Amino acid sequence: MNTPSRPAGWPRTEAEALAVQDELRLRVDGTDHSPEPGASGTVVVGLDVAYDDERDMVAAAAVALDAHSLDVLARATAFGRVAFPYVPGLLAFREIPALLEALDSLREKSGREPGLLVCDGYGRAHPRRFGLASHLGVLTGVPSIGVAKNPFVFTSAEPGPRRGDSAPLLDGTEEVGSALRTQDGVKPVYVSSGHRVSLQAARAHTLSLARRYRLPETTRCADALCRAALREAVQGEVRGDAAYGGKQS
DNA sequence: GCGACAG
DNA sequence: ATCTTGTCGC
């Protein structure tokens, strides 16, 4: 019933959060230890968070898919209070406590270890090279990538028009990610490596997960789940239903 | 100094 | 992220 929104020691100020990023960024492993994209039996986890700022409430979702079939193997949610205000570049501090809780819950009920985490946002494509996907990867040790819908502060050439076409996402002259077309003639997504995944592999995983739609199936499933969970939790609160007061699956 | 800025 | 109807198309 008790859902800590801010774990002990969680940063309270922007300065503290920046210090944490500077410390943890040193632990990022840029070499590839990710499973083969689309490999049967590999568990890929999609993660997302929905907010109700009015009620200071967040709902996180973690969904496990089979990398080959894209079948949903397990789902988990977690609820809490907003852990940090939204500050561009510090998104992780807002979302990670609830995401870790959902991920723990998912491990319990699936009984399987994730081979890859797919986050809504950035990994290396970040002002300090330590976005949400990098942060979550370092904390869990699981290979991770970030797939975002917008280029944030970076620029890229327009990738070619076909699925699979990509262009470097640049911070000046440094390649920090890829603009990747996942469907013919559809707006690209912005992919970057988080932890223990190369950029090339991050693109391959993204394409393998986005077979029919612009966004990876992992992201679509997690997005739908956390939104539904938040709706139900808010309704429950309005009705004064105690069953919605804590965490749920 | 001002605006822009993952979700 | 979220506020929000209908509409065009596969």
Side-chain angles (χ1 to χ4, degrees), chain A residues 5 11 14 17-18 20-21 24-25 28 46-63 77-100 102-103 117-138 144-156 163 169-172 176-180 182-195 199 202 206 211-216 218-235:
Chain A
S5 58
E14 293 188 26
L18 291 171
V20 170
Q21 287 188 334
L24 292 184
R25 65 188 289 189
V28 171
L47 299 154
D48 195 16
V49 175
Y51 298 93
D52 187 325
D53 285 310
E54 293 294 294
R55 299 177 186 283
D56 186 35
M57 183 167 216
V58 304
V63 181
T77 56
F79 301 95
R81 302 291 183 186
V82 175
F84 205 84
Y86 174 64
V87 179
L90 299 179
L91 177 66
F93 295 93
R94 184 170 170 79
E95 306 205 332
I96 278 187
L99 287 176
L100 284 178
L103 199 48
L117 306 180
V118 181
C119 300
D120 231 356
Y122 286 114
R124 190 162 189 285
H126 177 275
R128 291 167 296 282
R129 307 291 178 268
F130 197 72
L132 171 64
S134 316
H135 202 143
L136 206 51
V138 165
S144 63
I145 65 173
V147 181
K149 307 175 213 54
N150 301 290
F152 200 10
V153 295
F154 304 111
T155 57
S156 77
R163 168 177 159 87
L169 188 61
L170 300 172
D171 184 358
V176 296
S178 300
L180 175 66
T182 55
Q183 301 297 331
D184 291 355
V186 168
K187 187 176 184 271
V189 296
Y190 301 88
V191 179
S192 58
S193 53
H195 183 54
L199 179 55
T206 302
R211 295 175 197 174
R212 171 74 177 87
Y213 300 99
R214 176 188 177 225
L215 295 177
T218 38
T219 299
R220 291 167 43 80
C221 289
D223 180 73
L225 180 56
C226 68
R227 287 196 204 207
L230 183 65
R231 275 200 308 271
E232 290 176 31
V234 168
Q235 283 181 13

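Residue numbers begin at 1 in each chain, while the letters A, B, ... track the order of the sequences. This structure is a prediction, so every number in the text was calculated from the model and none was measured.
- Under 4.0 Å is where a charged nitrogen must lie from a carboxylate oxygen, and between A/Arg94 and A/Asp120 no such pair does.
- When DNA chain C is scanned in the 5' to 3' direction for atoms under 4.0 Å from non-hydrogen atoms of chain A, the outermost contacting nucleotides are C/dA1 to C/dT2.
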Original post:
For nucleotides 2-7 of chain B, read 5' to 3', which letter fits each nucleotide if B means a protein heavy atom sits under 4.0 Å from the base, S means only the sugar-phosphate is that close, and - means neither?
Top reply: ---BBB
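- In terms of the side-chain contact (heavy atoms from CB on, under 4.5 Å) criterion, residue partners of A/Leu199 (sequence neighbours excluded) are, by chain and number, A/Glu175, A/Ser178, A/Arg203.
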Side-chain donor-acceptor pairs under 3.5 Å in residues 219-226 of chain A, sequence neighbours left out?
from, atom 1, to, atom 2, distance (Å)
A/Asp223, OD1, A/Arg227, NE, 3.3
A/Asp223, OD2, A/Arg227, NE, 3.1
A/Asp223, OD2, A/Arg227, NH2, 3.4

Original post:
In dot-bracket form, how is DNA chain B paired, counting a Watson-Crick or G-U wobble pair only if both its distances are under 3.5 Å and using | for bases paired to another strand?
Top reply: .......
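- Contacts of A/Lys187 classified as salt bridge (charged side-chain N to carboxylate O under 4.0 Å, His left out), with partners at least two apart in sequence or in another chain: none.
- Under the side-chain contact (heavy atoms from CB on, under 4.5 Å) criterion, A/Ala125 pairs with A/Tyr122, A/Phe154, A/Leu169, A/Val176, A/Ser192, sequence neighbours left out.
- Annotation: ring pair (Phe, Tyr, Trp, His ring centres under 6.0 Å) contacts of A/Phe84 (sequence neighbours excluded): A/Phe93.
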Original post:
With Watson-Crick and G-U wobble geometry limited to distances under 3.5 Å, how should the secondary structure of DNA chain C be encoded in dot-bracket form, using | for bases paired to another strand and [ ] for crossing pairs?
Top reply: ..........
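- Looking only at distances, no side-chain donor or acceptor of A/Thr77 sits under 3.5 Å from a matching main-chain atom of A/Ala61.
- Under the salt bridge (charged side-chain N to carboxylate O under 4.0 Å, His left out) criterion, A/Arg231 pairs with no residue, sequence neighbours left out.
- Applying the side-chain contact (heavy atoms from CB on, under 4.5 Å) rule to A/Val153 yields no partners; only residues at least two apart in sequence or on another chain are considered.
- Screening residues 125-135 of chain A for salt bridge (charged side-chain N to carboxylate O under 4.0 Å, His left out) gives A/Arg129-A/Asp171, A/Arg129-A/Glu174 as the qualifying pairs, with residues at least two apart or on separate chains.
- Residue A/Asp48 holds its CG atom at 10.0 Å from CG of A/Leu215, rounded to the nearest 0.5 Å.
- Residue A/Arg227 is classed as a sugar-phosphate contact, given heavy-atom separations below 4.0 Å to backbone atoms only.
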**OP:** Check the pair A/Leu47, A/Leu132 against side chain to side chain contact (heavy atoms under 4.5 Å, CB included), reporting the backbone distance first and the verdict last.
**Re:** CA-CA 11 Å; A/Leu47 299 154; A/Leu132 171 64; over 6 Å; no
